[in-house]
Amino acid sequence: MYFCRKALFICLFSNLYLSYKYTAKGVILAKELETLTPPQFKEAVAKRILWLEKVLRTKQEALENAPPGSVRISRKKRTNQFYLREDKTDLQGKYIPRSQLKLAHALCQKVYDQKIVLALQKEITYLQDFLKNYEERNASKAFLDLPVIRYKAADPLTLTDAEYVEKWLALEYRHKAFNPDTPPLFTENGERVRSKSEVIIADTLKHNGVPYRYEYPVLINRNINKSMKKDLVTFHPDFCCLNVKTRKVYFWEHFGKMDDVEYAKRAVEKIYLYNEHGYEIGKNLIVTMETSSCPMSAALARDTVYTHFGWQTY
């Protein structure tokens with residue numbers, strides 16, 4: 001299939017079939033399931049705290065093993081001279097010869113470590129207080145604190161993860177039809193798929209709590225000019241996967257016959273098309289491949305899922 005480089009754009013059948021409009025890039029968008037997406041910074045802040053605590057322990061251990069005393073530095077004849085002060089009353093200190101510069105540097109490091117320990121403790125306390133206060137005061141609380149009757153009758157800005165997944169999966173669509181000679185293969189969700197590799201991927205997504213749509217339709221318009229009549233072609237990525245925490249959607253394409261030259265050529269063209277329209281490998285496009293001698297494995301599927309989604313619960 002020939003793909004015009006600049007005359008195509010991807011149109012997702014979005015979460016709801018509502019209020020379609022064109023963006024500046026010509027992509028059609030629909031009304032989102034929620035107006036206010038969940039905050040993305042909490043996990044980053046939590047990771048920052050863990051990292052700070054690890055560094056803090058390292059610096060505290062370094063201070064326990066640091067040499068006693070402090071250092072005074074004097075500038076003479078364009079060189080630095082170091083003096084060991086054994087206590088606060090020792091204002092001048094004892095000269096440290098150049099043969100003992102390691103001691104001087106260790107004492108300078110000690111001064112830095114003392115200051116950085118205080119700074120680390122302050123930042124950890126600040127971030128912990130911030131997360132605690134945010135959990136008590138964030139905008140979602142106003143909705144979740146409503147009585148159940150009002151909660152169900154209201155139109156919330158933000159959904160819980162479970163509510164979002166339920167609505168995201170509730171969207172009805174049609175995947176491609178199966179050829180009569182296609183062997184009947186089914187996932188743990190009871191969906192029919194086209195290969196054993198797709199069974200592995202689907203079941204791995206399920207086991208890791210990643211919601212997905214199998215062969216979710218993607219519209220491609222060859223005529224990007226709004227004044228021209230639409231020329232739509234439908235693609236069906238193998239899996240449309242949802243990162244529940246970020247609400248980010250990934251396409252997962254598995255190419256299972258890469259030792260077939262013509263098949264491999266079409267696969268490259270498809271990847272190129274995705275890339276031209278904002279779906280990049282490692283960003284929001286997942287690509288796995290296999291040949292007859294290098295088949296898809298459960299281990300590869302697990303590693304791929306964990307890399308992009310981690311372990312999801314909702």
Side-chain angles (χ1 to χ4, degrees), residues 32-67 105-145 156-166 168 201 203-212 239 241-252 280-288 297-314:
E32 298 292 341
L33 285 175
E34 57 188 359
T35 304
L36 185 64
T37 58
Q40 306 304 311
F41 58 80
K42 290 196 296 182
E43 183 177 348
V45 172
K47 287 182 179 179
R48 172 73 177 178
I49 292 174
L50 291 176
W51 182 81
L52 291 171
E53 290 175 336
K54 180 179 179 181
V55 175
L56 176 61
R57 290 191 295 270
T58 301
K59 289 302 180 184
Q60 288 173 330
E61 292 174 2
L63 286 174
E64 291 175 0
N65 299 318
H105 293 163
L107 290 169
C108 291
Q109 184 66 47
K110 178 182 176 181
V111 174
Y112 172 80
D113 289 348
Q114 288 171 334
K115 292 183 178 295
I116 200 65
V117 162
L118 293 175
L120 290 168
Q121 291 172 332
K122 288 181 179 179
E123 184 175 350
I124 290 170
T125 300
Y126 172 79
L127 293 177
Q128 288 174 336
D129 290 344
F130 169 76
L131 286 181
K132 180 181 178 181
N133 292 330
Y134 180 82
E135 287 300 324
E136 296 174 352
R137 303 176 185 180
N138 70 78
S140 299
K141 277 286 184 180
F143 181 66
L144 296 176
D145 290 343
L157 294 177
T158 302
L159 301 175
T160 66
D161 289 346
E163 290 170 335
Y164 191 93
V165 170
E166 181 181 2
W168 192 83
I201 294 172
D203 292 347
T204 303
L205 289 168
K206 179 185 178 181
H207 295 164
N208 285 271
V210 181
Y212 66 87
F239 298 92
C241 311
L242 175 67
N243 185 314
V244 179
K245 299 301 179 184
T246 64
R247 308 300 200 244
K248 183 177 178 180
V249 172
Y250 294 76
F251 289 160
W252 187 335
E280 302 174 10
I281 297 177
K283 179 181 176 182
N284 49 10
L285 175 64
I286 303 170
V287 172
T288 49
S297 68
L300 175 59
R302 285 195 301 269
D303 290 345
T304 303
V305 170
Y306 188 79
T307 297
H308 291 87
F309 306 99
W311 180 269
Q312 298 194 152
T313 57
Y314 49 88

Open item on the list: So, taking the atom named NZ in K206 and the one named CG in N208, what distance separates them when rounded to the nearest 0.5 Å?
Closed with: 12.5 Å
- [ ] Answer yes or no: are there more than 12 heavy-atom neighbours, outside F130 itself, under 6.0 Å from its atom CZ?
- [x] yes
- [ ] Drop me the distance from L205's CG to L242's CG, to the nearest 0.5 angstrom.
- [x] 11.0 Å
- [ ] Return yes if some donor-acceptor pair links the side-chain N/O of K248 with the main-chain N/O of N284 below 3.5 Å, else return no.
- [x] no
- [ ] Report the distance from atom CG of L56 to atom CD of E123, rounding to the nearest 0.5 Å.
- [x] 11.0 Å
Task: Minimum-distance pair of heavy atoms, taken over all atoms of P67 and K110 - done: O-NZ, 3.1 Å
- [ ] Specify the closest pair of heavy atoms between K59 and V117, including all atoms of both residues, with the distance to one decimal.
- [x] CB-CG2, 3.8 Å
TODO: Enter the distance from L120:CG to T125:OG1 here, rounded to the nearest 0.5 Å.
DONE: 10.5 Å
TODO: Would you please test Q121 and Q60 for side chain to side chain contact (heavy atoms under 4.5 Å, CB included) and show each step?
DONE: CA-CA 11 Å; Q121 291 172 332; Q60 288 173 330; 3.7 Å; yes
Open item on the list: Taking OH in Y306 as the centre, count heavy atoms belonging to other residues, nucleotides or ligands within less than 6.0 Å. Is the count above 12?
Closed with: no
Task: salt_bridge(R302, D203) N-O dist < 4.0 Å - done: no
- [ ] Look at atom CD of E43 and say whether more than 12 heavy atoms of other residues, nucleotides or ligands are closer to it than 6.0 Å.
- [x] no
Task: Q114 atom CD, neighbour heavy-atom count above 12 within 6.0 Å - done: yes
TODO: Evaluate the side-chain proximity of K245 to D161: yes if any heavy-atom separation is below 4.5 Å, no if none is.
DONE: yes
Open item on the list: Could you check whether any side-chain heavy atom of K115 comes within less than 4.5 Å of a side-chain heavy atom of Y112, counting everything from C-beta outward?
Closed with: no
Open item on the list: As an exercise, state the distance from CD1 of I116 to CD of Q109, rounded to the nearest 0.5 Å.
Closed with: 10.0 Å
Task: Criterion side-chain contact (heavy atoms from CB on, under 4.5 Å) against P211, the qualifying member of N243, V165, V249 - done: V165
Open item on the list: Testing the basics here: between A62 and D113, what is the closest heavy-atom pair and its distance to 0.1 Å?
Closed with: CB-OD2, 3.9 Å
Open item on the list: Nearest 0.5 Å, please: how far is CD1 in I49 from CG in L127?
Closed with: 5.0 Å
TODO: Can you spot which of Y212, Y250, W252 makes a ring-ring contact (aromatic ring centres under 6.0 Å, His included) with F309?
DONE: Y250
